[in-house]
Amino acid sequence: MRRRKNTLVIVLSLIVLVASMVLAVRIGVGAGWAEIGRAAGSRLGLPVVPLPRLLDSLIWDLRLPRVLLAALVGAALAVCGAVLQSVTRNSLADPYLLGVSSGASTGAVVVVVLGFAGSQLGVTGGALVGALVAFGLLMLLLRRTGLDSSRIVLTGVVVGQLFAALTSLILLSSGDADSIRAVTNWLLGSLASARWTSVAVCAAVLGVGLLLVWLCSAALDGFAFGTDTASSLGVDVRATRIVLLVTTSVLTAVAVAAVGAVGFVGLIVPHGVRFLVGPLHRKLLPLSAVVGAVFLVWTDALTRVVFSPLEVPVGVFTALLGVPLFLLVLRKRGEL
Amino acid sequence: MRIDVENLSWGVPGKTIVRDVTLTVSPGETVGLIGPNGSGKSSLLRCVAGLRTPTAGLVRYDGVEIASWPARERARKIAFVEQTADTDSDLRVSEVAMLGRTAHRSRWRGPDATDHAIVEEALERLDLVGLADRPWKQLSGGERQRTHLARALAQRTSGLLLDEPTNHLDVRHQLELMELAARTPQTVVVALHDLALAARYCDRLVLMHGGTVVADGAAADVLTAPLLREVFDVEAEIGRDDLGHLAVGYRAPVQREGGFRVHSG
């Protein structure tokens with residue numbers, strides 16, 4: 001009975017995701033359903049009148065990759081949040097709050113400033129190095145108390161502030177006029193510059209990463225009662241933690257390289273999903289991915305409409321939604 | 001299974017907590033580990049469970065040293081219940097018990113019918129069937145303790161290590177739990193504070209003090225007035241109750257420097 005309910009939830013959420021993406025392509029593009037149908041039709045080789053080149057390019061090269069990237073990044077960040085919350089036994093853990101996203105930003109920005117902005121793989125590599133350095137620093141600062149210390153979020157915020165400051169410093173001192181605008185994108189996250197190459201990189205990495213963490217589902221459940229109990233259940237705590245932390249670093253790095261540091265998705269989504277299907281990771285991880293995708297597709301669509309014609313980074317919006325939830329969780333834990 | 005502990009020591013930098021312990025537990029035996037706070041019972045159990053690497057000495061399961069065993073193999077052989085293992089997560093009782101099947105499941109699939117049947121049986125043995133769907137946060141201390149025990153039974157191991165399992169339990173559940181520990185065909189090592197309970201249900205008692213084993217044998221040989229005075233700092237009288245069980249009557253704490261100041265003002 002419960003099994004059937006879970007399948008239903010997954011199928012429904014996938015339908016919602018597809019519908020959301022189709023709607024989001026339409027929103028703010030300045031074209032009706034007929035034009036979108038023609039654009040899709042001509043790509044698929046159907047006998048329809050092709051669109052004018054400018055409109056066709058607007059839909060295919062700007063809007064569609066943007067919506068797809070929003071879905072992929074939302075999924076990746078939500079999964080990272082769910083994994084980090086289990087590994088650290090802290091319901092406030094999220095790649096952004098732990099400073100990993102900021103580290104990835106710094107890494108990506110260094111590569112851009114060095115002049116490799118055109119290479120998506122180079123930027124992603126830089127972001128990955130930055131994410132791993134941030135994680136390393138976090139673990140170094142927590143080496144006495146352990147990874148499941150209650151101080152982890154506080155320490156993460158400090159690490160995040162350090163890297164955010166470094167990013168601003170590097171961008172501002174590089175001196176050119178576009179850099180100042182770029183600062184907000186890297187620090188807050190924006191989907192405005194989405195391209196097909198980042199979509200491809202994100203899709204491939206998300207596929208592999210999601211499978212890897214999903215295979216660790218039982219271990220992630222076992223971490224609930226701490227490392228000793230997990231180990232006595234048969235979880236190789238050290239090896240599993242390394243696999244999980246490296247995978248979340250890679251997922252975060254790819255997301256940040258594509259769109260900058262979007263915060264709070266990993267905090268908001270898994271909390272909502274647990275409410276729907278409970279805390280077991282076999283269900284929690286795939287559903288967090290789908291709900292994370294829907295969430296970011298919609299927040300991005302909203303930022304386009306609400307502030308039009310201004311281009312507001314999507315990270316501003318996720319933060320506006322995330323901060324109240326953060327306070328709610330703190331309150332529930334009796335820390336506020 | 002047979003458990004051998006040979007010249008085992010363990011500690012943290014600057015402090016040795018378990019010192020040169022040698023101990024054998026025969027298959028099917030129920031051994032009670034007793035001793036005052038800080039005598040090294042929990043640390044010894046963790047070493048025996050393979051959760052800590054001894055600084056010296058070794059642990060064998062059925063004659064095989066466990067130092068290089070993968071966690072999964074260990075978890076199929078021995079189950080361990082910590083003194084307090086709490087969570088913020090909202091797992092249900094049956095889901096916690098299902099954690100016991102972790103080492104028996106493939107990574108690729110969820111629990112199957114066998115896993116569900118084993119969990120169901122474990123819940124039955126601990127009188128938890130009615131609570132199967134209750135979330136962790138709504139459980140009392142005793143219910144949580146029993147849930148952990150159900151999880152350990154669901155591991156279907158031949159060895160069982162319990163650290164103060166009767167904490168939080170009411171009298172009835174304490175007796176039931178110890179009955180279960182005594183009757184199960186599993187080899188059991190159980191750390192206990194209640195000396196009478198230990199004497200009544202354990203085949204053998206091991207008394208620890210300052211990280212070492214100071215007595216090992218039948219309850220009547222371990223629970224003697226001079227040993228209790230030396231190890232626990234209490235004056236006690238050992239007798240038999242109407243049913244013939246060993247009874248421990250405490251007279252008074254031994255007068256010494258550094259005890260509680262009993263009288264106020």
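Just so you know, these numbers come straight off a predicted model, no measurement behind them.
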Tell me which of these, A:Gly226, A:Ala239, A:Ala230, A:Ala224, has more heavy-atom pairs under 4.5 Å with chain B than the rest. A:Ala224

Which one wins on heavy-atom pair count under 4.5 Å against chain B: A:Asp236, A:Leu280, A:Val237? A:Leu280

Measuring heavy-atom distances to chain A, does [X] have an atom under 4.5 Å in its side chain, in its backbone, in both, or in neither?
X: B:Arg52; value: side chain
X: B:Arg46; value: side chain
X: B:Leu161; value: neither

Which distance, rounded to the nearest 0.5 Å, do you find between the OG of B:Ser39 and the CG of B:Leu33? 7.5 Å

Interatomic distance, CD@B:Gln155 vs CZ@B:Phe80, rounded to 0.5 Å, equals 11.0 Å

Passing option when B:Asp170 is tested against B:Gln174, B:His173, B:His168 for side chain to side chain donor-acceptor pair (under 3.5 Å): B:His173

Locate the shortest heavy-atom distance separating B:Lys77 from B:Met1; write the atom from each residue and the value. O-SD, 3.5 Å

Counting heavy-atom pairs under 4.5 Å with chain A, which one of B:Thr84, B:Leu91, B:Thr87, B:Val96 comes out on top? B:Thr87

With chain B as the partner chain, list the residues of residues 10-17 of chain A whose heavy atoms fall under 4.5 Å from it, by residue number, and write 'none' if nothing qualifies. none

What residues of residues 216-223 of chain A sit under 4.5 Å from chain B when only non-hydrogen atoms are counted? A:Cys216, A:Ala218, A:Asp221, A:Gly222

Using non-hydrogen atoms and a 4.5 Å limit, figure out which bit of A:Thr229 sits close to chain B: side chain, backbone, both or neither. both

When you check the side-chain N and O atoms of [X] and [Y], is any donor under 3.5 Å from an acceptor?
X: B:His148; Y: B:Glu82; answer: no
X: B:Ser26; Y: B:Arg204; answer: no
X: B:His193; Y: B:Asn167; answer: no
X: B:Ser89; Y: B:Trp136; answer: no

Going by the rule salt bridge (Lys or Arg N to Asp or Glu O under 4.0 Å), which residues pair with B:Asp112 if we only count those two or more places apart in sequence or in a different chain? B:Arg109

Listed partners of B:Glu179 passing salt bridge (Lys or Arg N to Asp or Glu O under 4.0 Å), at least two apart: B:Arg183

For [X] and [Y], indicate whether the former's side chain and the latter's backbone hold a donor-acceptor pair under 3.5 Å.
X: B:Glu65; Y: B:Arg60; value: no
X: A:Arg143; Y: A:Leu140; value: yes
X: B:Lys137; Y: B:Asp88; value: yes

